[in-house]
Visitor: 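Questions regarding the structure given below will be posed in turn.
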Amino acid sequence: MPVTSRVNLLDLDPGALARYFEDTGERAYRATQIVKWVHQQGITALDSMTNLSRGLREQLARDTEFRLPEVVSLQESDDGTLKWLIRVDNGNCIETVFIPEAERGTLCVSSQVGCALNCSFCATAKQGFSRNLSTAEIIGQVWIAARYLGQTPKTHRHLTNIVLMGMGEPLLNFDNVVPAMRLMLDDNAYNLGRKRVTLSTAGLVPGIDRLREQCPVSLAVSLHAPLDDLRDELVPLNRTYPLSELLAACRRYVGDSPHDQITFEYVMLDGINDSVALARDLVRILRGIPAKVNLIPFNRIAGADYGPSPHATILKFREEIVKAGIVTTTRKTRGDDIDAACGQLVGRVNAKAARHRELASNTAGA
Ligand code: SAH
């Protein structure tokens with residue numbers, strides 16, 4: 001997406017759009033009209049927006065634009081999972097995945113180009129970090145998927161849920177992610193209830209608190225280990241926000257709405273974090289938090305030696321948690337034939353961080 005000086009209307013959530021119109025001397029309800037055209041009807045051609053006056057359409061044509069990221073390719077897995085490769089600027093690409101199930105269809109959206117957190121088992125981490133996605137690039141993924149799914153005749157392909165679980169750490173891109181989520185929730189846009197929009201975080205404590213105050217959607221926490229030593233290794237962010245602080249933030253998050261639950265994700269790594277003793281530790285640390293545990297079979301990635309836990313080990317681990325009365329699901333691996341499964345999203349990242357590392361080692365050798 002080349003940079004221009006025009007306002008990209010896709011960057012604005014309903015509140016910001018209303019302010020934009022007020023600032024330009026228009027009535028605020030224009031915002032609702034635009035949101036409906038663009039996000040409900042999928043129309044971005046100003047000429048088709050028949051309830052806007054000609055003068056206003058001319059003004060918008062001059063000062064604004066609807067700039068969507070560009071679809072490079074769309075792959076379909078044998079199990080129906082779809083994966084878009086989407087170009088966000090010269091050479092940088094992100095991935096978006098749609099997972100159809102009997103009762104729902106979930107879109108997995110990316111929030112950054114690459115990721116800076118360096119979790120040891122995740123393919124996105126190996127790409128390094130390039131930059132935050134704009135609001136337009138985040139909601140653009142939803143727009144693209146909703147249009148495509150709306151055009152396919154298969155009725156089970158219906159977008160009912162969105163998870164911010166693609167590439168990147170959404171809470172490190174808070175200011176662009178929240179407006180995109182507001183559009184996901186908005187009645188005039190995608191109209192998803194806040195239980196149907198889930199943000200997944202590796203555990204950025206201040207971000208969790210801001211989210212609670214500003215946009216309390218469903219929260220998923222990538223836990224992966226119940227002890228600090230082990231979690232420090234798997235999720236280096238734990239060295240900044242250790243478990244005690246992370247779990248306290250989780251308690252605060254559900255404190256305001258006791259009917260909510262937090263989903264704790266736990267990737268099952270053979271011989272690393274999958275013992276029954278650790279399952280007991282997990283039960284212990286989750287005590288008092290309305291929690292659901294989601295066990296994720298590890299998907300092998302290049303550049304990490306981990307292996308997936310055997311099925312029997314996952315069952316034993318699961319049994320220990322279920323015994324304690326905690327709802328525990330095991331995530332089905334979907335779309336792995338097209339590298340669309342958890343942790344496999346790599347897109348195409350011209351990573352500044354990776355380049356810097358390379359530069360540093362080249363200079364050191366010189
Ligand atoms: N940064 C956020 C959003 C990314 S979500 C977060 O960490 O939650 C991606 C999910 O897939 C996380 O739960 C992550 O831990 C998991 N994941 C990463 N790599 C994986 C792999 N190789 N196999 C299975 N799950 C993985």
Side-chain angles (χ1 to χ4, degrees), residues 81 83 94-97 99 106-129 132-133 138 141 161-174 176-177 180-181 197-205 207-208 211 217-226 230-231 233-238 240-241 246 249-250 253 262-270 272-274 282 291-309 314 329-336 339-347 349:
T81 300
K83 182 173 84 168
I94 50 157
E95 293 182 324
T96 307
V97 176
I99 307 139
T106 305
L107 190 71
C108 180
V109 168
S110 293
S111 58
Q112 297 182 313
V113 186
C115 188
L117 291 185
N118 215 11
C119 297
S120 60
F121 50 86
C122 179
T124 308
K126 308 292 172 210
Q127 302 280 299
F129 173 71
N132 283 330
L133 292 179
I138 298 167
Q141 298 169 61
N161 294 65
I162 296 179
V163 293
L164 279 124
M165 277 186 201
M167 299 167 69
E169 167 52 47
L171 291 181
L172 282 176
N173 185 15
F174 191 92
N176 295 336
V177 163
M181 292 198 305
V197 176
T198 301
L199 182 145
S200 179
T201 178
L204 199 81
V205 167
I208 294 174
L211 191 68
V217 292
S218 297
L219 185 67
V221 174
S222 293
L223 200 65
H224 309 314
L230 181 56
R231 195 163 190 272
E233 243 175 74
L234 301 178
V235 183
L237 183 67
N238 195 68
T240 313
Y241 302 110
L246 173 58
C250 290
Y253 199 85
I262 293 179
T263 302
F264 290 92
E265 297 159 279
Y266 198 104
V267 63
M268 298 296 289
L269 302 168
D270 187 24
I272 304 281
N273 65 351
D274 59 355
L282 180 61
K292 204 172 95 180
V293 171
N294 190 204
L295 302 177
I296 313 176
F298 173 64
N299 298 305
R300 283 184 193 278
I301 58 156
D305 286 338
Y306 299 118
S309 303
I314 299 182
T329 50
T330 306
R331 192 175 288 176
K332 263 206 233 103
T333 296
R334 299 288 303 265
D336 53 344
D339 284 339
C342 299
Q344 293 187 322
L345 302 186
V346 290
V349 178

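Order of listing sets the numbers, starting from 1, for every ligand and every atom in it.
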Visitor: Which of these passes side-chain contact (heavy atoms from CB on, under 4.5 Å) with Pro170: Leu211, Asn176, Leu204, Leu199?
Guide: Leu199
Visitor: Donor-acceptor pair, distance only, cut-off 3.5 Å: does the side chain of Ser309 make one with the backbone of Ile314?
Guide: no
Visitor: Considering Ile296, Asp336, Leu171, Val109, which one's heavy-atom position lies nearest to atom 16 (C) of ligand 1?
Guide: Ile296
Visitor: Are any non-hydrogen side-chain atoms of Ile272 and Leu230 less than 4.5 angstrom apart?
Guide: yes
Visitor: Should the proximity of His224 to ligand 1, defined as any heavy atom under 4.0 Å, be assigned to the side chain, the backbone, both, or neither?
Guide: side chain
Visitor: Check each heavy atom of Cys119 against ligand 1 and say whether those closer than 4.0 Å belong to the side chain, the backbone, both or neither.
Guide: neither
Visitor: Can you find an N or O of Gly168 that's nearer than 3.5 Å to an N or O of ligand 1?
Guide: yes
Visitor: Is it the side chain (CB and beyond), the backbone, both or neither of Glu169 that lies under 4.0 Å from ligand 1, heavy atoms counted?
Guide: both
Visitor: At under 4.0 Å between heavy atoms, is it the side chain or the backbone of Ile301 that contacts ligand 1, or both, or neither?
Guide: side chain
Visitor: Please work out, at 4.0 Å between heavy atoms, whether the side chain, the backbone, both, or neither of Leu117 comes within that distance of ligand 1.
Guide: neither
Visitor: So if I count the atoms of ligand 1 from 1 in the order they appear, which ones are less than 4.0 Å from some heavy atom of Ala202?
Guide: 6 (C), 7 (O), 8 (O)
Visitor: Would you say the side-chain atoms of Ser111 and Glu169 include a donor-acceptor pair closer than 3.5 Å?
Guide: no
Visitor: Any side-chain heavy atom of Leu164 sitting closer than 4.5 Å to one from Val217?
Guide: no
Visitor: For Arg231, does its backbone N or O pair with a side-chain atom of Asn238 as donor and acceptor, under 3.5 Å?
Guide: no
Visitor: Below 4.5 Å, heavy atoms only, C-beta onward: do Asp274 and Leu269 meet side chain to side chain?
Guide: no
Visitor: Between Phe121 and ligand 1, is there a nitrogen or oxygen pair with a distance under 3.5 Å?
Guide: yes
Visitor: Check contact between Gly166 and ligand 1, using heavy atoms of the residue and a distance below 4.0 angstrom.
Guide: yes
Visitor: Donor-acceptor check, side chain of Lys83 to backbone of Asp339, threshold 3.5 angstrom: yes or no?
Guide: yes
Visitor: Does some non-hydrogen atom of Ser111 fall short of 4.0 Å from ligand 1?
Guide: no
